[in-house]
K.L.:
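The following block contains the structure, expressed as structure tokens.
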2 protein chains.
Amino acid sequence: MSSTITPALRRVLNAAVIQFARHGYEGASLSGIALEAGIRKASLYSHVKNKDALFMAVFEDALEMEALFARECFARPEPGLPGQNYCESLLARYADSEHFRFLLRTSYIPPASLFDELQEGYEVYMQQLLADFTTALRRHLGQISDQDAEVMGHAWMGMVDSLHVALIYIGQARFEARLNALERLMGDSIARLEQGETP
Amino acid sequence: MSSTITPALRRVLNAAVIQFARHGYEGASLSGIALEAGIRKASLYSHVKNKDALFMAVFEDALEMEALFARECFARPEPGLPGQNYCESLLARYADSEHFRFLLRTSYIPPASLFDELQEGYEVYMQQLLADFTTALRRHLGQISDQDAEVMGHAWMGMVDSLHVALIYIGQARFEARLNALERLMGDSIARLEQGETP
DNA sequence: CCAGGGCTACCTACCGGTCGGTAGCCTTTT
DNA sequence: AAAAGGCTACCGACCGGTAGGTAGCCCTGG
């Protein structure tokens with residue numbers, strides 16, 4: 001499926017993710033990407049068929065990395081709430097990972113021509129995130145009905161999207177305020193489930 | 001401050017908001033906007049100085065409309081939770097209002113050159129939204145500490161962003177699932193405040 | 001020795017923006 | 001009443017610049 005990644009192609013992909021994250025699909029130019037990679041624009045075509053293919057390659061690259069990151073968050077033991085590790089790692093991740101910034105920038109409003117493919121990939125990523133959260137939730141609470149688990153799942157995914165958005169356009173201070181507020185809401189609801197809800 | 005809007009300019013602005021909402025700042029071309037307005041590209045310059053000014057005019061237009069929409073939501077009596085009217089009107093609003101779609105598309109990731117101006121305008125919009133929610137919350141609960149009000153404000157703004165994002169890239173069914181889930185969380189937390197939290 | 005990555009040079013298409021000019025509608029002047 | 005002038009909205013033609021993409025030669029490493 002995925003062709004082998006030579007060192008030169010690796011350099012191109014890394015250059016591309018920087019430019020796409022910074023300027024978006026339309027705003028990033030192939031000459032800029034080539035410059036970043038230290039080669040000429042025409043030389044890009046030795047490695048990639050065209051701009052769309054380059055974008056998709058970067059997308060799959062980023063998706064893989066961020067899926068791995070999420071997995072690791074859920075693999076670490078969670079002191080408090082389920083999903084807490086992931087949420088609290090977001091700020092640092094946003095600062096460190098060019099690929100994460102790329103995903104955030106391009107996945108909400110993707111280039112129209114690639115919409116379907118991107119949506120499909122993003123869907124898989126989100127389903128994994130949701131599944132990881134649900135199992136963590138089930139591990140945290142001994143017993144929980146499928147309905148409740150589903151509702152909490154929707155709520156947590158909403159919380160994650162909310163934090164993602166906050167990363168993009170709110171400052172660090174308000175990100176943390178939002179994180180605390182949403183964690184309190186989640187905490188309240190989970191505590192309520194823990195006490196048992198049969199009235 | 002704001003110059004008068006002639007009928008011809010009105011047509012240009014309406015054409016522009018469609019194109020900008022559909023293709024974004026960089027993706028929308030002046031020829032496309034002119035075509036939509038039924039004139040030639042050169043004629044645009046009888047009404048606006050350049051692309052940036054056109055975009056800003058559309059932005060202020062949209063901001064005004066959506067601020068009005070939010071006001072009306074909070075003016076209506078709310079049967080359940082504070083801020084509920086606004087959240088539950090979003091789906092229909094997204095379907096109906098080109099200006100709303102424009103705001104959602106362009107405000108998270110604005111064109112770099114206009115970033116500051118846009119951020120400023122969006123900030124005002126959000127502050128009004130937050131203030132409206134806070135007064136509604138205070139009206140709903142008789143007594144609430146400033147700290148709690150602030151936390152709930154952050155949480156509700158997060159909820160709103162989450163719903164905005166859902167409008168963009170999730171289907172209608174999942175939007176409603178998310179809305180229900182988040183409303184349940186908010187309801188739980190508000191109920192907890194209602195009972196009084198001095199232990 | 002030759003395959004492949006890199007290069008220069010070039011292409012077409014389209015971008016935002018400017019130019020000179022014009023049709024038609026007011027308002028003013030005689 | 002009619003000529004004169006000004007103003008608005010519009011147009012086709014064109015500008016410099018840049019975009020994505022192609023052709024073909026050169027150089028180097030296995």
Side-chain angles (χ1 to χ4, degrees), chain A residues 2-59 102 105-106 109-115 117-118, chain B residues 2-59 102 105-106 109-115 117-118:
Chain A
S2 63
S3 52
T4 62
I5 297 183
T6 69
L9 174 57
R10 183 79 266 162
R11 252 172 292 144
V12 168
L13 290 179
N14 288 345
V17 75
I18 292 175
Q19 294 295 306
F20 281 136
R22 197 128 56 201
H23 308 295
Y25 175 79
E26 310 197 74
S29 72
L30 291 183
S31 10
I33 292 171
L35 188 71
E36 185 87 37
I39 58 177
R40 303 288 133 183
K41 181 182 61 165
S43 311
L44 288 176
Y45 287 84
S46 306
H47 307 286
V48 190
K49 189 171 149 262
N50 55 26
K51 194 182 186 183
D52 282 9
L54 173 57
F55 189 89
M56 286 308 299
V58 168
F59 178 70
F102 165 83
R105 159 140 209 169
T106 57
I109 305 174
S113 56
L114 303 176
F115 186 88
E117 285 177 274
L118 293 171
Chain B
S2 63
S3 52
T4 62
I5 296 183
T6 69
L9 175 56
R10 183 76 270 161
R11 251 172 294 143
V12 168
L13 290 179
N14 287 345
V17 74
I18 292 175
Q19 293 295 306
F20 282 136
R22 198 127 54 198
H23 304 115
Y25 175 80
E26 310 197 71
S29 73
L30 291 183
S31 9
I33 292 171
L35 188 71
E36 184 88 37
I39 59 177
R40 301 290 132 184
K41 183 182 58 164
S43 311
L44 288 177
Y45 287 85
S46 306
H47 307 288
V48 277
K49 192 171 145 261
N50 53 28
K51 195 182 185 182
D52 281 10
L54 174 58
F55 189 88
M56 287 307 300
V58 168
F59 178 70
F102 165 83
R105 158 139 211 169
T106 57
I109 304 175
S113 57
L114 304 175
F115 186 89
E117 286 177 274
L118 294 172

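Numbers restart at 1 for each chain; the letters A, B, ... are given by sequence-line order, proteins then strands. Computed from a predicted model, the values in this text were never measured in an experiment.
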K.L.:
Would you tell me if any nitrogen or oxygen in the side chain of A:Ser31 comes within less than 4.0 Å of OP1 or OP2 on D:dA19?
P.N.:
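For D:dA19, OP1/OP2 do have a side-chain N/O of A:Ser31 under 4.0 Å.
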
K.L.:
Side chains of A:Asn14 and A:Ile18: does their closest heavy-atom pair fall under 4.5 Å?
P.N.:
no

K.L.:
A side-chain contact here means heavy atoms from C-beta on lying under 4.5 Å apart; do B:Glu26 and A:His23 qualify?
P.N.:
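No, every pair of side-chain atoms sits at 4.5 Å or beyond.
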
K.L.:
Figure out the NZ/P separation between A:Lys51 and D:dT22, and round it to whole Å.
P.N.:
15 Å

K.L.:
What class does the angle between the rings of B:Phe20 and B:Phe102 fall in, given that below 30° is parallel, 30 to 60° is tilted and above 60° is perpendicular?
P.N.:
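Judged by the thresholds at 30° and 60°, the geometry between B:Phe20 and B:Phe102 is tilted.
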
K.L.:
Please round to 10 degrees the angle between the axis of the first five pairs and the axis of the last five pairs in the helix from C:dC1-D:dG30 to C:dT30-D:dA1.
P.N.:
0°

K.L.:
Under 4.0 angstrom, heavy atoms only, what part of the nucleic acid is B:Ala37 near: base, sugar-phosphate, or nothing?
P.N.:
nothing

K.L.:
Indicate, with a heavy-atom threshold strictly under 4.0 Å, whether B:Ala34 touches base, sugar-phosphate, or nothing.
P.N.:
nothing

K.L.:
So, do B:Tyr25 and B:Ile109 sit near enough that their side-chain heavy atoms are less than 4.5 Å apart?
P.N.:
no

K.L.:
Could you give me the CA-CA distance, side-chain angles and deciding distance for A:Val12 and A:Ile39, then say whether side chain to side chain contact (heavy atoms under 4.5 Å, CB included) is met?
P.N.:
CA-CA 9 Å; A:Val12 168; A:Ile39 58 177; 4.2 Å; yes

K.L.:
Could you state the CD1-P distance from A:Ile33 to D:dT18, rounded to the nearest angstrom?
P.N.:
17 Å

K.L.:
Could you check how far CG of B:Leu44 sits from C1' of C:dG16, rounded to whole Å?
P.N.:
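After rounding, the gap between these two atoms is 11 Å.
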
K.L.:
For the residue pair B:Met56 and B:Leu118, establish whether any side-chain heavy-atom pair is separated by less than 4.5 Å.
P.N.:
yes

K.L.:
Atom CD of A:Glu26 to atom C1' of D:dT18: distance rounded to whole Å?
P.N.:
15 Å

K.L.:
Over how many whole Å does the gap from A:Lys49 atom NZ to D:dT22 atom C1' extend?
P.N.:
14 Å

K.L.:
Hey, does B:Phe59 have a side-chain heavy atom less than 4.5 Å from the side chain of B:Leu114?
P.N.:
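No, side chains not in contact.
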
K.L.:
Is the backbone N or O of A:Arg22 less than 3.5 Å from a side-chain atom of A:Arg105, with the two atoms forming a donor-acceptor pair by type?
P.N.:
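Checked: pair present.
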
K.L.:
To the nearest Å, how far apart are B:Tyr45 OH and D:dC7 P?
P.N.:
24 Å

K.L.:
Distance check needed: D:dG20 C1' versus A:Gln19 CD, whole Å only.
P.N.:
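Interatomic distance, CD of A:Gln19 to C1' of D:dG20: 16 Å.
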
K.L.:
Find every protein N or O atom lying less than 3.5 Å from an N or O atom of nucleotides 10-17 of chain D, and list the pairs.
P.N.:
residue, atom, partner, partner atom, Å
D:dC10, OP2, B:His47, NE2, 2.7
D:dC11, OP2, B:Arg40, N, 2.5
D:dC11, OP2, B:Ser43, OG, 2.9

K.L.:
Are more than 12 heavy atoms from other residues, nucleotides or ligands located less than 6.0 Å from atom CZ of A:Arg40?
P.N.:
no

